[in-house]
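Inspection log for the structure reproduced underneath, given as structure tokens.
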Amino acid sequence: MKKKRVGVLALQGDFAAHGTALERAGAEPVFVRDEEQLAEIDGLVIPGGESTTMLKLLHYDGLMQPLARFGREKPIFGTCAGAILLASEVSHPNQESLALMDLGVERNGYGRQLDSRVTRVDPDPEFERRSGEGKIEAVFIRAPIIRRVGSRARVLARYQGDPVLVEQDRHLVATFHPELTADSRVHALFLEKL
Ligand code: GLN
């Protein structure tokens, strides 16, 4: 079977680790830096990093509209800062976004308690049904907290009761960094959407 080509937005942040994780999950990563490349890929990962900086670069490179258009047709997986960019509502402070998922997120919402931590999060039964059983190892780095999940979105894993992995139709967000652990179930779940 032909490998799926998955873009990784490579303007800022930890895009390289996503490339490795996608390869491990059986896809061919393409590091995306301009609009033309969007035509070559089946889905896109927006990595962690700093969402305000990423937004500035997206504007500078004229990528906001092209990405919003891409997301109306093809799957996007946002991790951490990428999740902030996909959410429809961003607080602390308020910030614009691509608004492709009906979610409310608060930046750095775990505060000092979870500035940076490796832990394990609890999969919901739906995740285990599709991806196999067992807790998910999760790295949190100045993570946003998901405060509101719209009615069309579905929670797939939680940490201390709060959603940390959520899907809405073709899109997926994680507030942790699945590209930094050996468990490739989350990337594999995204590839299922392509
Ligand atoms: N705190 C960052 C932000 O608000 C996100 C952190 C991350 O992506 N690891 O954009």
Side-chain angles (χ1 to χ4, degrees), residues 6-22 25 29 31-33 43-61 63-64 67-68 71 75-121 136-149 153 155-160 162-168 171-187 189-190:
V6 181
V8 184
L9 187 67
L11 302 179
Q12 195 264 339
D14 79 331
F15 49 85
H18 272 289
T20 312
L22 285 167
F31 293 104
V32 171
R33 296 189 172 87
L44 178 73
V45 175
I46 304 183
E50 219 289 316
S51 57
T52 311
T53 309
M54 232 182 269
L55 267 175
K56 277 192 194 135
L57 295 170
L58 284 172
H59 278 296
Y60 186 79
D61 292 330
L63 279 170
M64 282 301 275
L67 279 193
I76 302 185
F77 176 24
T79 57
C80 207
I84 297 170
L85 288 175
L86 288 187
S88 52
E89 212 182 293
V90 181
S91 63
H92 191 239
N94 289 4
Q95 183 170 279
E96 71 164 321
S97 65
L98 295 164
L100 288 166
M101 289 175 73
D102 186 12
L103 294 176
V105 303
E106 180 186 329
R107 295 179 61 200
N108 303 309
Y110 292 95
R112 285 230 175 122
Q113 177 220 132
L114 203 71
D115 222 325
S116 178
R117 173 182 297 181
V118 185
T119 183
R120 280 144 67 88
V121 300
I136 309 165
E137 192 179 12
V139 180
F140 288 94
I141 306 168
R142 294 174 55 73
I145 192 163
I146 298 177
R147 294 286 187 199
R148 187 184 62 78
V149 174
V155 177
L156 294 172
R158 297 166 203 267
Y159 177 65
Q160 296 177 341
D162 291 311
V164 293
L165 180 67
V166 178
E167 69 179 351
Q168 182 181 315
H171 303 311
L172 180 69
V173 292
T175 56
F176 57 96
H177 289 263
E179 75 284 8
L180 297 180
T181 58
D183 187 342
S184 38
R185 282 180 297 166
V186 177
H187 281 84
L189 182 90
F190 178 61

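Remember, predicted model here, so these are calculated numbers, not experimental data. If you read the sequence from its start, that first residue is 1, and numbering goes on from there. In each ligand, atom 1 is the first atom listed, and ligand 1 is the first ligand listed. Any value given below was found using the heavy atoms of this structure, including those in side chains, with hydrogens, waters and symmetry copies removed.
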Plane angle bin for Y159 and F140 - parallel if under 30°, tilted between 30 and 60°, otherwise perpendicular = tilted

Partners passing side-chain contact (heavy atoms from CB on, under 4.5 Å) against H171 (at least two apart in sequence or in another chain) | I76, L100, M101

Side-chain heavy atoms of T175 within contact of D162, under 4.5 Å = no

For the residue pair I141 and D14, establish whether any side-chain heavy-atom pair is separated by less than 4.5 Å.
-> no

Pick out the protein N or O atoms lying less than 3.5 Å from any N or O of ligand 1, and list each pair with its distance.
unit_1: ligand 1; atom_1: 1 (N); unit_2: N108; atom_2: OD1; d: 2.8
unit_1: ligand 1; atom_1: 1 (N); unit_2: R142; atom_2: O; d: 2.9
unit_1: ligand 1; atom_1: 4 (O); unit_2: R107; atom_2: NE; d: 2.7
unit_1: ligand 1; atom_1: 4 (O); unit_2: R107; atom_2: NH2; d: 3.0
unit_1: ligand 1; atom_1: 8 (O); unit_2: G49; atom_2: N; d: 2.9
unit_1: ligand 1; atom_1: 8 (O); unit_2: G49; atom_2: O; d: 3.1
unit_1: ligand 1; atom_1: 8 (O); unit_2: A81; atom_2: N; d: 3.0
unit_1: ligand 1; atom_1: 9 (N); unit_2: I141; atom_2: O; d: 3.0
unit_1: ligand 1; atom_1: 9 (N); unit_2: H177; atom_2: NE2; d: 3.1
unit_1: ligand 1; atom_1: 10 (O); unit_2: S51; atom_2: N; d: 2.6
unit_1: ligand 1; atom_1: 10 (O); unit_2: S51; atom_2: OG; d: 2.7

In short, E50 meets Q12 closest at the heavy-atom pair N-OE1, 3.1 Å

State, without any angle test, whether S91 and R147 hold a side-chain donor-acceptor pair at a distance under 3.5 Å.
-> no

